[in-house]
Amino acid sequence: MENLASVNQKIEILDRKTINVSGVEEVLSSTEKEVFVKIEKEILQILGEGMKIVKLVPEEKSLVVSGLINGVMISSRPTKKSIFGKVFK
């Protein structure tokens, strides 16, 4: 049986060179300039230069990314209703 308890999310940036993220559900995309990660009901965007995924442990829902970290943004995932609402306005 799957554990439905909420996983704590933690974002830790070390000297702008490494970022540790917990509560990761899925890595959506990754380039040298940005990494998009799904965390519970939000999308985490990590911006930087020379970005690479150093460690991904799905069982622990953890991720480590290295490179020069320039910024981090968290946004709610858009719902189908809001997308269609904009298109059919």
Side-chain angles (χ1 to χ4, degrees):
M1 180 171 198
E2 184 178 337
N3 184 358
L4 299 177
S6 179
V7 174
N8 288 332
Q9 300 168 4
K10 182 178 179 182
I11 300 169
E12 180 180 34
I13 301 173
L14 307 168
D15 297 326
R16 290 188 60 201
K17 296 177 183 174
T18 304
I19 184 166
N20 300 317
V21 183
S22 63
V24 173
E25 291 185 6
E26 179 181 0
V27 175
L28 301 172
S29 70
S30 174
T31 68
E32 288 189 358
K33 300 239 179 227
E34 61 189 0
V35 177
F36 285 91
V37 180
K38 179 179 168 187
I39 51 174
E40 270 193 30
K41 297 178 182 177
E42 289 126 3
I43 301 297
L44 173 67
Q45 180 183 15
I46 306 167
L47 303 167
E49 299 172 30
M51 309 280 285
K52 61 181 176 179
I53 295 174
V54 177
K55 184 178 180 182
L56 175 62
V57 184
E59 298 81 16
E60 296 176 9
K61 296 192 172 195
S62 66
L63 170 72
V64 178
V65 176
S66 70
L68 178 62
I69 311 297
N70 291 330
V72 176
M73 295 187 334
I74 299 174
S75 61
S76 297
R77 288 188 280 172
T79 63
K80 290 182 181 179
K81 182 178 179 182
S82 66
I83 291 171
F84 287 117
K86 291 178 183 178
V87 172
F88 295 110
K89 213 171 195 184

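Residue-environment remark: CD (Glu26) exceeds the threshold of 12 foreign heavy atoms within 6.0 Å.
Grouping the Ile, Leu, Val, Met, Phe, Trp and Tyr side chains by contacts below 4.5 angstrom, directly or via other members, places Val64 apart from Val72. No continuous path of hydrophobic side-chain contacts links Met73 to Leu28 [ILVMFWY only; heavy atoms under 4.5 Å]. Residues Val65 and Leu14 do not share a hydrophobic cluster, defined by chaining ILVMFWY side chains whose heavy atoms lie under 4.5 Å apart. Leu44 and Leu47 are assigned to two separate hydrophobic clusters, defined by single-linkage of ILVMFWY side chains at heavy-atom distances under 4.5 Å.
The two atoms that bring Gln9 and Glu40 nearest to each other are NE2-CB, 3.2 Å, heavy atoms only. Summarising the geometry of Val35 relative to Ser30, their closest heavy-atom pair is CG2-OG, 3.8 Å, with the distance given to 0.1 Å. Among all heavy-atom pairs drawn from Val54 and Ser66, the shortest one is CG2-OG, 3.2 Å. Counting all heavy atoms, side chain and backbone alike, Glu34 lies closest to Met51 at N-CG, 4.4 Å.
Formation of a donor-acceptor pair under 3.5 Å by the Arg16 side chain with backbone atoms of Ile69 is found in this model. A distance-only check finds a donor-acceptor pair linking the side chain of Ser22 to the backbone of Lys10 [under 3.5 Å].
Between Ile19 atom CD1 and Ile13 atom CD1 the span is 4.5 Å, to the nearest 0.5 Å. Taking NZ of Lys33 as the start and CG of Leu68 as the end, the distance is 10.0 Å to the nearest 0.5 Å. In this structure, Ile39 CD1 and Ile74 CD1 are separated by 5.0 Å, a value rounded to the nearest 0.5 Å.
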